[in-house]
Amino acid sequence: MAVRVRMAPSPTGLLHIGNVRTALFNWLYARHEGGEFRLRIENTDTSREVAEAVDQIQDSLRWLGLDWDGPHTFQLDRMDDCRRVADELLSAGKAYEDEGAIRFRMPDEGATAWDDVVRGRIEYPNEKLHDVVLARSDGRPTYNFASPLEDVWDGITHVIRGDDHIPNTPGQINIIRAIGGDVPVYGHVPMINGADGKPLSKRHGSVSVQDFRADGYLPEALLNFLALLGWAPDGETTIMSREELVDRFSLDRVSSSPAQFDYQKLDWMNGVHLRELSPEEFAHRLVLWLGENGYDWPAELVARTAPLVQEKISRLAEFPGFAGFFFGDVEPGAADLDGGGPMLAAADEALASLEPFDAAAIEAALRDAADRLGLKPRQAFQPIRVAVTGSKVSPGLFESIELLGRETTLSRLRAAADAAA
RNA sequence: GCCCCCAUCGACUAGCGGUCCAGGUCGCGGCCCUUUCAAGGCUGAAGCACGGGUUCGAAUCCCGUUGGGGGCACCA
């Protein structure tokens, strides 16, 4: 039987990174098996629904590249079907009315068990099972009724979800059996915690996909990182492309213990993926990010400056801080220029009529000037860097000066020399 | 309180009875490279929660303890 899995978020807000990890495992499994990945919006709780949430969730999934098969569906659209089944269970004596609601009659002897693909066999004594509400007194089905029903109707073969659903599972299995449906394979993946071991939340850092996107993370890096939270192909491999992930993924290697989200490791991994991009692709990503985040910088100049920072940043959001001096005026701190006056003047002189005005020639000219002043490269170049880039930390000086051009460089050098005097 | 789940370096993990005085990656320390910052190379410290079993042999299997987490809604 062909594999069919689903992601079933409730439209109550932005897509949480923990849900993305669960969605990723579903998606990886589907793609690995050549099956289908469906998107179902579980909106039976109309009171908590947020209007833009459905669009935001889809937008986030698209950005991540987690494509779903077929149109997305809404749980509430099958409200009438659920109601009909509830009535059938009622007349069959498998459910009963309780203050206007309909409750399912759970078996009270024996146990309900299943072989969880990630945790192994899990068993619940039936006497502990509560008679879950199938339909509210206003007629709307509850999640615990609609969800298993839809899994059956949609032909879902594997339900991969967060382990907070483990306690719901025995009830759902009994409901599926009561309607004569095929019980899917269940796999419960652990939640993701913050550094303190508590569930990941805002106070730990970014949590929604939108947050990570705005912070300048690459979707492929985020996916790579998330995949390794609770899953590993072996003990060695860490950097994997989307294709490798699909190729190597298997559910039986998903860990059953919870993992902590390590932002530092994510940063490192993002840097690795950033550096693996071709210069053209890196520039392209920068242009997109800058556009999304309110920077109106010319794409052509971004593309020319991008190679100078590609090895130096780990997130796209660091670009403005590193390369902003190419796009606007600088204000060097006078203290950082301290003692650099003579070298500034020497640099001015060395570059004024230098030909050709390229990085190699600039470097040779400036080294020569430094030698004549008896300065070590470190001492000599730092005031120039501050004058030209406005910062003590910058991309390569000579390449930066070449890109900036003679005119801008000289005027910044002179302004700084005046300030240092 | 009741039910369920989890437990290898600070973090993510490999390990599915001997090849492990436990390997990889992040982070941390040191060295090298170097015009700053990175990147890169080399290198160091750091772990099988505890107690019982089973076995010739246990990080690996069983039981218990402790510690974490989740659930017990006419939420999902």
Side-chain angles (χ1 to χ4, degrees), chain A residues 8-12 42-49 75 98-103 116 118-120 122-125 127-130 132-147 161-170 188 190-193 195-199 225 227-239 252-253 255-269 271-272 274-275 309-314 318 321-322 336 363 366-367 370 375-386 389 391-400:
Chain A
S10 55
T12 51
E42 305 210 310
N43 60 341
T44 48
D45 184 10
T46 46
S47 65
R48 290 205 307 158
E49 187 160 349
Q75 195 157 63
D98 178 26
E99 297 192 42
I102 299 176
R103 281 185 187 277
D116 198 281
V118 343
R119 349 277 287 210
I122 300 179
E123 207 171 296
Y124 273 81
E127 57 180 341
K128 298 290 181 187
L129 265 29
H130 297 283
V132 304
V133 170
L134 304 180
R136 299 172 171 89
S137 49
D138 67 2
R140 280 155 48 225
T142 61
Y143 156 79
N144 265 314
F145 185 44
S147 189
R161 54 178 18 170
D163 68 5
D164 50 332
H165 284 290
I166 290 179
N168 292 327
T169 306
H188 290 92
M191 314 261 69
I192 295 176
N193 296 328
D196 54 4
K198 305 280 187 232
F225 177 77
L228 253 22
L229 238 40
W231 174 81
D234 52 51
E236 315 296 314
T237 316
T238 53
I239 300 299
D252 56 14
R253 288 190 66 86
S255 163
S256 52
S257 57
Q260 289 186 23
F261 197 99
D262 183 351
Y263 290 89
Q264 278 188 309
K265 188 166 184 175
L266 205 215
D267 281 355
W268 165 78
M269 192 173 281
V272 173
L274 226 40
R275 276 172 249 125
V309 300
Q310 188 165 9
E311 287 225 330
K312 296 178 180 292
I313 65 177
S314 59
E318 292 174 65
F322 249 91
D336 295 334
E363 176 169 5
L366 291 180
R367 282 189 189 280
L375 292 172
K376 297 241 186 265
R378 192 189 192 86
Q379 302 170 295
F381 299 148
Q382 207 57 353
I384 301 177
R385 182 188 314 283
V386 171
T389 73
S391 169
K392 289 195 283 188
V393 175
S394 80
L397 223 209
F398 317 118
E399 294 81 358
S400 294

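Naming: A, B, ... by sequence-line order, numbering from 1 per chain. Given the structure is predicted, the values throughout are model-derived calculations rather than measurements.
A:H188 comes within 4.0 angstrom of nothing in the nucleic acid, heavy atoms only. Using a 4.0 Å heavy-atom criterion, one finds that A:E311 contacts the bases of the nucleic acid, with or without backbone contacts as well. When heavy atoms are screened at a 4.0 angstrom cut-off, A:S137 is found touching base atoms of the nucleic acid. Within the nucleic acid shown, A:A232 comes within 4.0 Å of sugar-phosphate atoms alone, with no base atom in reach, counting heavy atoms only.
Rounded to a whole Å, the CD1 atom of A:I166 is 16 Å from the C1' atom of B:A76. The separation between A:R119 atom CZ and B:C4 atom C1' is 10 Å, rounded to whole Å. For the pair A:D196 CG and B:G10 P, the interatomic distance rounds to 17 Å; values are reported in whole Å. Atom pair A:Y124:OH and B:C4:P shows a separation of 7 Å (rounding to whole Å applied). Summarising the geometry, the separation between CH2 on A:W231 and P on B:A14 is reported as 10 Å, rounded to the nearest angstrom. Between A:N43 atom CG and B:C75 atom P there is a gap of 14 Å when expressed in whole angstrom units. Distance CD (A:E123) to P (B:C4): 9 Å, rounded to an integer number of Å. Rounding to whole angstrom units, NE2 of residue A:H165 and P of B:C6 are separated by 18 Å.
The side chain of A:R48 places no N or O atom within less than 4.0 Å of a non-bridging phosphate oxygen (OP1 or OP2) of B:A73. Distances shorter than 4.0 Å separate none of the side-chain N or O atoms of A:R140 from OP1 or OP2 on B:C75. Put simply, A:R103 has a side-chain N or O that comes within less than 4.0 Å of OP1 or OP2 on B:C74. At least one side-chain nitrogen or oxygen of A:R275 sits closer than 4.0 Å to the OP1 or OP2 atom of B:G40. Between B:A76 and A:T44, a contact under 4.0 Å exists linking OP1 or OP2 to a side-chain N or O.
The same atom, P, is picked in B:C26 and in B:G64; the two are 40 Å apart, to the nearest Å. Taking atom P on both B:U60 and B:C50, the two are 10 Å apart, rounded to the nearest angstrom. B:U65 and B:G23: their C1' atoms are spaced 31 Å apart (whole Å). Nucleotides B:C3 and B:C9 place their C1' atoms 34 Å apart, quoted to the nearest Å. One P atom belongs to B:A7, the other to B:A49, and the distance between them is 10 Å to the nearest Å. For the C1' atoms, the distance linking B:C21 with B:G53 amounts to 24 Å, nearest Å. Spacing between B:G30 and B:A39 at atom P, rounded to whole Å, works out to 15 Å. Using atom C1' as the reference point in both B:C5 and B:C42, the two lie 43 Å apart (nearest Å).
Nucleotide B:C56 forms a Watson-Crick or G-U wobble pair with B:G18, both donor-acceptor distances falling under 3.5 Å. Under the Watson-Crick and G-U wobble criteria, each requiring two contacts below 3.5 Å, nucleotide B:G1 is paired to B:C72. In a base pair of the Watson-Crick type (N1 to N3 plus N6-O4 or O6-N4) or a G-U wobble (N1-O2 and O6-N3), with each distance short of 3.5 Å, B:C50 is matched with B:G64. Across every strand in view, B:G44 sits in a pair with B:C28 that passes the Watson-Crick or G-U test at under 3.5 angstrom.
Side-chain N or O atoms of A:R136 include one that pairs as donor or acceptor with a backbone N or O of A:P141 at under 3.5 Å. With A:N43 contributing its side chain and A:E49 its backbone, the two residues share no donor-acceptor pair below 3.5 Å. One N or O on the side chain of A:S255 and one on the backbone of A:S257 form a donor-acceptor pair closer than 3.5 Å. For the pair A:T142 (side chain) and A:V133 (backbone), a donor-acceptor distance under 3.5 Å is present. Looking at A:Q260, its side chain never comes within 3.5 Å of a backbone N or O of A:D196 through a donor-acceptor pair.
Closest approach of A:R275 to A:W268, counting heavy atoms only: NH2-O, 4.5 Å. Of all non-hydrogen atoms in A:R140 and A:T44, the two that sit nearest each other are NH2-O, 3.0 Å.
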- Task: Before giving the answer on side-chain contact (heavy atoms from CB on, under 4.5 Å), spell out for A:W231 and A:V118 the whole-Å C-alpha distance, their side-chain angles and the decisive distance to 0.1 Å.
- Result: CA-CA 11 Å; A:W231 174 81; A:V118 343; over 6 Å; no

- Item | Test log, rule side-chain contact (heavy atoms from CB on, under 4.5 Å), inputs A:L266 and A:F261 | CA-CA 9 Å; A:L266 205 215; A:F261 197 99; 4.1 Å; yes

- Query: After noting the C-alpha distance and the side-chain angles of A:T169 and A:I122, does the key distance pass the side-chain contact (heavy atoms from CB on, under 4.5 Å) rule?
  - Reply: CA-CA 10 Å; A:T169 306; A:I122 300 179; over 6 Å; no

- Please assess A:F145 against A:I102 for the test side-chain contact (heavy atoms from CB on, under 4.5 Å), listing each intermediate value before the final yes or no. CA-CA 11 Å; A:F145 185 44; A:I102 299 176; over 6 Å; no

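For B:A76, its base sits under 3.5 Å from the side chain of A:N168 at one donor and acceptor pair at least. Applying the 3.5 Å distance criterion, the base of B:C74 shares no donor-acceptor pair with the side chain of A:T142.
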Shorter than 3.5 Å, N or O on both sides, protein versus nucleotides 47-51 of chain B: list them out with atom names.
none

Atom pairs, protein N/O to nucleotides 31-37 of chain B N/O, distance under 3.5 Å:
| unit_1 | atom_1 | unit_2 | atom_2 | d |
| --- | --- | --- | --- | --- |
| B:U35 | OP1 | A:R367 | NH2 | 2.7 |
| B:U35 | O2' | A:R385 | NH2 | 3.1 |
| B:U35 | O2 | A:R385 | NH2 | 2.4 |
| B:U36 | OP1 | A:R378 | NH1 | 2.9 |
| B:U36 | O4' | A:Q382 | OE1 | 3.4 |
| B:U36 | O2' | A:K392 | O | 2.9 |
| B:U36 | N1 | A:R385 | NH2 | 3.4 |
| B:U36 | O2 | A:S394 | N | 2.7 |
| B:U36 | O2 | A:S394 | O | 3.1 |
| B:U36 | N3 | A:R385 | NH1 | 3.3 |
| B:U36 | N3 | A:S394 | O | 2.7 |
| B:U36 | O4 | A:K312 | NZ | 3.4 |
| B:C37 | O2 | A:K312 | NZ | 3.1 |
| B:C37 | N3 | A:K312 | NZ | 2.2 |
| B:C37 | N4 | A:K312 | NZ | 3.3 |

Which atoms of nucleotides 63-69 of chain B (N or O only) lie under 3.5 Å from a protein N or O atom, and what are those distances?
| unit_1 | atom_1 | unit_2 | atom_2 | d |
| --- | --- | --- | --- | --- |
| B:G69 | OP1 | A:K198 | NZ | 2.4 |

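Classification of the A:F398-A:F381 ring pair by plane angle, with boundaries at 30° and 60°, yields perpendicular.
Nearest-nucleotide mapping onto RNA chain B: of A:I122 and A:D164, the residue sitting toward the 5' end is A:I122. Each of A:R253 and A:K265 was matched to the nucleotide of RNA chain B holding its nearest heavy atom; the match closer to the 5' end belongs to A:R253.
Looking only at side-chain heavy atoms (C-beta outward), A:Y124 and A:P167 come within less than 4.5 Å of each other. Put simply, the side chain of A:R367 reaches to within 4.5 Å of the side chain of A:P377, judged on heavy atoms.
Expressed to the nearest 0.5 Å, how far CZ of A:F225 lies from CG of A:D262 amounts to 5.5 Å.
Which of B:A76, B:G23, B:G27 sits closest to the side chain of A:W268 comes down to B:G27.
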